[in-house]
Amino acid sequence: MTKLVAVICVISWSGFWAFGYLALTASMADQAQVTMAVLLAAMGFFSGMLAWLKLSRDGAAAVARRA
């Protein structure tokens, strides 16, 4: 399960950076493209952050069990 969450984390952050770049570099004349890129970047950010928090929480619990 941890590997699946790690893969989701990597894909989400990749989407955040890719669509964030598209949102920043898109021409302001095409508002639909900018809006869609911003929404996809936000989804990537939030899903990546949730996956990262889950991974860090599971990692901290594993370290506490070893000690």
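- For the pair Ser12 (side chain) and Cys9 (backbone), a donor-acceptor distance under 3.5 Å is absent.
- In plain terms, the two heavy atoms of Leu55 and Ala6 that are nearest each other are CD1-CA, 3.8 Å.
- Note that OG of Ser14 and CZ of Phe19 are 10.5 Å apart. Values are rounded to the nearest 0.5 Å.
- A heavy-atom distance below 4.5 Å is not found between the side chains of Lys54 and Leu50.
- Rounding to the nearest 0.5 Å places CD of Gln33 at 10.5 Å from CE of Met28.
- Hydrophobic cluster membership differs between Phe16 and Leu40, with clusters built from Ile, Leu, Val, Met, Phe, Trp and Tyr side chains linked at under 4.5 angstrom.
- From Phe45, atom CZ reaches atom CH2 of Trp17 across 9.5 Å, with rounding to the nearest 0.5 Å.
- Scanning both residues, Val34 and Ser27, for their nearest heavy atoms gives CG2-O, 3.7 Å.
- Note on Met43: it does not cluster hydrophobically with Met49, by side-chain heavy-atom contacts below 4.5 Å among ILVMFWY residues.
- If you chain together hydrophobic residues whose side chains sit under 4.5 Å apart, Ile11 and Ile8 never meet in one group.
- The neighbour count for Trp13 CH2, taken as heavy atoms of other residues, nucleotides or ligands under 6.0 Å away, is above 12.
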